[in-house]
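Quick note: numbers below take in every heavy atom, side chains included, and nothing from hydrogens, waters or symmetry partners. Computed from a predicted structure; not experimentally measured.
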Amino acid sequence: MSSRLRRFSREVAEKAASEYRQGQSVTVHYDPEQPGNAVLEPDNRQGSLAPLIAAAICAVFGGVMLAVFVMVGFGG
């Protein structure tokens with residue numbers, strides 16, 4: 001993980017943590033089959049757009065490369 005992404009993740013986590021007081025009771029939403037997957041705010045989608053953008057860029061790049069290989073042939 002890059003230091004920039006790590007710093008961004010830490011800033012997001014610290015901002016979210018500042019919403020709660022130490023010792024405050026909270027409701028935790030978790031996956032019973034994988035309790036390590038847990039959230040405090042299930043409707044919060046902050047940060048979920050970046051993976052979609054990265055996937056779209058990879059898909060476009062892959063499509064362009066496929067088109068190039070089809071046009072020039074696959075080395076045969």
Side-chain angles (χ1 to χ4, degrees):
M1 183 183 298
S2 74
S3 61
R4 183 175 181 203
L5 181 58
R6 196 174 310 121
R7 187 181 75 237
F8 174 75
S9 298
R10 183 178 180 98
E11 289 171 1
V12 170
E14 287 175 350
K15 181 181 176 191
S18 71
E19 302 290 322
Y20 302 94
R21 296 183 319 273
Q22 186 172 358
Q24 174 184 356
S25 293
V26 296
T27 300
V28 177
H29 303 269
Y30 69 96
D31 180 353
E33 295 179 11
Q34 295 180 333
N37 292 336
V39 296
L40 295 175
E41 301 170 359
D43 294 331
N44 186 346
R45 301 283 185 231
Q46 185 174 4
S48 61
L49 188 58
L52 287 174
I53 293 171
I57 290 170
C58 289
V60 168
F61 179 75
V64 168
M65 294 306 294
L66 180 62
V68 167
F69 285 131
V70 167
M71 287 182 193
V72 247
F74 286 99

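Judged as a side-chain contact (heavy atoms from CB on, under 4.5 Å), and not counting sequence neighbours, the contacts of I57 are I53. In terms of the salt bridge (charged side-chain N to carboxylate O under 4.0 Å, His left out) criterion, E33 has no residue partners (sequence neighbours excluded). Scanning for side-chain contact (heavy atoms from CB on, under 4.5 Å) contacts around M65 gives F61, F69, with sequence neighbours left out. With sequence neighbours excluded, the residues that form a side-chain contact (heavy atoms from CB on, under 4.5 Å) with Q34 are D31, N37.
V28 belongs to a hydrophobic cluster with Y20, V26, L40, counting contacts under 4.5 Å between side-chain heavy atoms of Ile, Leu, Val, Met, Phe, Trp and Tyr, direct or through other members.
Of all heavy-atom pairs between Y30 and A38, the closest is CB-CB, 3.8 Å. Between Q24 and E19, the shortest heavy-atom distance links the atoms OE1-O, 4.3 Å.
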